[in-house]
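The structure under discussion appears below in the form of structure tokens.
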Amino acid sequence: MGVHGLTTYLRENKRVLGKTVHFPSASGDAVTTIVVDGWSFIFEIYLQSHLPWVYGGEYTEFSQYVEQVVLSWIAIGLKVYFAFDGPTPELKIPTLTSRMNGGTVEQSLIFFRTSPASRCTPRFLRETNILPPLAYEVCVQTLQRLASSGRRPLEVHFADEEADPYAVELAGRLGAYVVGNDSDFVIFSSGLYAGFISLDELMWILPDADGETYACKGGDRDDDFQTVVRGKARKPPTQQQNITSGLIPPADVPFEDLTLNASVYTPAALASHLKIPVTILPLLAALVGNDFSNQSSTQRNVQSLFFERKLSLSQRIAHTGNTLTGILNAASQPRKARHQVESVMDLITRTVNALLVRAPSHVAPGEVDAVVDRIVNAALKYAIDKYDGEIYGPDSLWPTRMCALHHQDACPFATLFMRTHPCSSQGDTGNDSAALRLGAMYVEAFRSGKLKPKIADIMNTGAYWPKLFLENPDLETVAKSIGRPIRLWIYALLEDGVGLPDASEISSSVTDSVAEDDRGLHGEDGKNLDELIDVEEHLSDDDDTDLLAPLRGELERLRTADDSTSEPPASATSHSRSRLPPGPKNVTEYIRRGSRIAPDEVRVPDLAVLMSSSAFKAFIDSETYVPWQLRSLEERITLFLHILESNVPLMRDLPPVQLFGVLVVRWVIRTLHLRAVESGMTKDREKERWSQREARALLAFYIGSLEDNEAVGSTTAHGDAQAQQLAGVPIMDRTIQLMAQALTAIETIQCLSQVLFLSDWIPVNVEGLSSSRFHACISQPSPVSLPESMWNACVHSLEDAFRLEFPKKNRNAGMRKHDKPTRPLAQTRSGTVGNRRSAHFAVLGDAEA
């Protein structure tokens, strides 16, 4: 999430709003706790590491950078908690679609529409940067490996929904700072939350020759003013040579000798600067614009109604703050009864009318009410439940294994996988019990990082977001051709085990009118403006005050009204295990269609139909049916290998470290071969098939060990060395497309293994992957040597599925060694210029003779 222009506003007013802190702290042995926004960390560290992205990702080096940063934080006395996003909320689907269209899809289009010579330049690759698709898996695996090896102060958390409110609520329990890049962290408030630290403003201070850091010199630590002495020479000051800006610390200095400087921004400081109560900050963010203010591309942009184009983003924030301050000050005067604000909804309505560039009478009928509804929903996303406990710190976490912050009945994530209700049929009680047990297992797997948030999206909004990367925009997206056949099994398994949400269970559209239900506006227990003024008078003296109660008191009533009109969710006993399906269900896949992201409805097949159509022999007893996820390990492995058409002895005999890579290669080879056969071996489908040399290169890409790569040095030195090393690796369209197919297969097969609880049996091992190795092996004329057992398992029953490669004809093969190739000659109507000149010289020679 992010508030439009708030990051710029904080930077421009840093001296007033920011407070400088130093780590390690002056107290010496004191441990400071930070909660890191996981996705902000991933984007920032890959951007600052300058690792090449175009090949598909250099995950070995990326893992080493993650380890380097985390260990340096721990070395300077920080206790680190990471918080990663959970399922995507429905309100954010339009924003996420817009980001994908303007990011990956547009960058891929630009890349493939640019000449090969121009798109290989460092400037072009830097401006069209795309985050490699496996960066999330590599970061999570690296963090979990560090957390499990030794007693390090490091924990990894996965949020119920968006990571922003979860991270602030976690920081409120721990008295911690939140580290990230989203400006929303200055809007949230909870408990003992210490403030927001931007990743962009971190500075590492190196020790000087005397052993002191420059941060320690110069007097008071809290004094932001520094004496600047300009010398006659133009070389930079010595102090600047001992300061490294950015997230990644210098590698040539022991971590214990470093000092980290950061700027902290708090909600109280921002509210005081804008002269509004802290509780009004969510309303300010919704009015200025956040990820939830504009919910549909067909709706008019809210900010276009509020602000003139000449206003900068910072000026918009100041203008909104002044408008809110004027309304609140007028309402605080008891003699002016007509200016009194009766409720928060009244405040929102008045502010919207005051911000409109045009008069409300000149706005289309109903548009103002629609804008108010959208502002209400956008402001509600900042609501954090008040913590009623008396214990703070790590002991206040994990009341149950299902959630670190909430009890099971109050955890919104637990309900996604446990939507079964008691039924009247006694014969179905066992099925409900199995579904509840399976749902609890999925929740625990998600909390431990063994279930992707993409799978939780299916259970939350009935949507799936395939990870897109660089691929040819003129071809069918690999998310559909390579990934969808496996995802159909995933949907069927989830529907059979815990039940997918149907249309009545998915939350209603965010554009439902709020004004239709007056009960949500002026209820008897609603909060009035007097409480807001009280909060302003006692801004932050009382730590137990729920800062968002005035908004939540009335706006949460909207959700209650919506829930009362919705139908109860269908019983889980109506799934395929009872053989009485309630009707077909759909999953919306957001995939690339041409040059844009478009929703594609996919019918969820019945698991029994899939098994029978694929000739899977399994005994199914409808009375004592057990979901496949709860069956024995051998049964789950058999089904897993059967889905991937690899249930053969040669595959079962492979060691676990080699199995996943072979499964990826076999699936891609078989899928593209079947597509070619179904099309009648057309020329385009024939070109899609892989050759044996390409398959060997992909296996070499996957089994490459971590030791084959050089250790990471400093950010600049290592980036330059790797750039020189990869300068000779060509970037070819076909190789890029092959890598896109392989990355999609890796992601989808990993999801299938997680749904069947096979993550421990078949490790993915993405930390050791280097996509440039695959491109380099493709460019080599000789095939890559592999273990014989591995290659035999890969080609078993697929001998005819490979494309034949013919040696390229050398135009100069018939020339003698001393002959020199000539440039192409210009063509004319009567032949080449060279041939005409040769004929003229021949005639002159004959005449002279």
Side-chain angles (χ1 to χ4, degrees), residues 36 38-74 82 120 122 125-126 128-146 149 199 202 204 244-253 255 467 469-470 657 661 697-698 700-731 735-736 739 742-743 746-747 763-779:
V36 184
W39 271 110
S40 296
F41 178 81
I42 291 174
F43 277 103
E44 193 68 21
I45 201 170
Y46 210 97
L47 179 64
Q48 294 187 16
S49 62
H50 303 291
L51 292 173
W53 62 270
V54 68
Y55 300 107
E58 302 305 311
Y59 301 108
T60 302
E61 289 81 3
F62 177 68
S63 174
Q64 293 174 336
Y65 274 115
V66 172
E67 181 174 351
Q68 179 184 355
V69 173
V70 173
L71 293 182
S72 65
W73 281 349
I74 295 175
F82 276 87
C120 294
L125 294 176
R126 184 172 59 252
T128 58
N129 184 29
I130 301 176
L131 183 71
L134 299 181
Y136 170 82
E137 284 76 13
V138 173
C139 183
V140 171
Q141 288 185 13
T142 304
L143 293 176
Q144 290 181 329
R145 173 174 54 82
L146 294 176
S149 58
L199 288 171
L202 296 179
W204 293 96
T244 301
S245 299
L247 176 62
I248 302 175
D252 52 350
V253 179
F255 295 149
K467 184 65 178 178
F469 190 61
L470 192 63
V657 293
L698 183 57
F701 149 75
Y702 204 88
I703 67 173
S705 61
L706 190 66
E707 289 78 12
D708 293 338
N709 297 276
E710 297 178 357
V712 177
S714 63
T715 303
T716 305
H718 180 72
D720 295 342
Q722 189 170 27
Q724 296 176 1
Q725 181 181 359
L726 299 178
V729 179
I731 303 175
T735 313
I736 292 174
M739 177 52 63
L743 292 173
I746 292 174
E747 177 199 11
V764 184
N765 295 328
V766 292
E767 289 184 70
L769 300 184
S770 173
S771 299
S772 61
R773 184 189 298 115
F774 172 71
H775 286 255
C777 293
I778 288 289
S779 61

[X] [atom1] to [Y] [atom2] distance, which is reported to the nearest 0.5 Å:
X	Y	atom1	atom2	result
Glu767	Gln141	CD	CD	5.5 Å
Leu470	Ser771	CG	OG	11.5 Å
Leu769	Tyr59	CG	OH	7.5 Å
Arg126	Leu47	CZ	CG	10.5 Å
Tyr46	Glu58	OH	CD	6.0 Å
His50	Ile248	NE2	CD1	7.5 Å

Using every non-hydrogen atom in the two residues, find where [X] and [Y] come nearest and quote the distance to one decimal.
X	Y	answer
Arg773	Ala700	CD-O, 3.5 Å
Glu61	Leu51	CB-CD2, 3.7 Å
Ser63	Arg145	OG-NH2, 3.8 Å
Tyr55	Ser772	CB-N, 3.8 Å
Phe469	Val54	CE2-O, 4.4 Å
Val766	Val764	CG1-CG1, 3.2 Å

ask   = Are the side chain of Trp53 and the backbone of Leu125 linked by a donor-acceptor contact shorter than 3.5 Å?
value = yes
query = For Trp39, which residues count as a ring-ring contact (aromatic ring centres under 6.0 Å, His included) partner, sequence neighbours excluded?
reply = Phe43, Tyr136
Any side-chain heavy atom of [X] within less than 4.5 Å of one from [Y]?
X	Y	value
Leu698	Phe774	yes
Gln68	Phe255	yes
Pro250	Trp204	yes
Pro132	Phe62	no

query = Taking only residues two or more places apart in sequence or in another chain, which ones pass side chain to side chain donor-acceptor pair (under 3.5 Å) with Ser40?
reply = Asp37
task = Just do the side-chain contact (heavy atoms from CB on, under 4.5 Å) check on Thr142 and Gln64 with the steps written out, would you?
result = CA-CA 8 Å; Thr142 304; Gln64 293 174 336; over 6 Å; no
key: Worked check of side-chain contact (heavy atoms from CB on, under 4.5 Å) between Met739 and Thr735   = CA-CA 6 Å; Met739 177 52 63; Thr735 313; 5.7 Å; no
ask   = With sequence neighbours left out, what residues match Leu247 under side chain to side chain contact (heavy atoms under 4.5 Å, CB included)?
value = Phe41, Glu44, Ile45, Gln48, Val69, Trp73, Leu199, Leu202
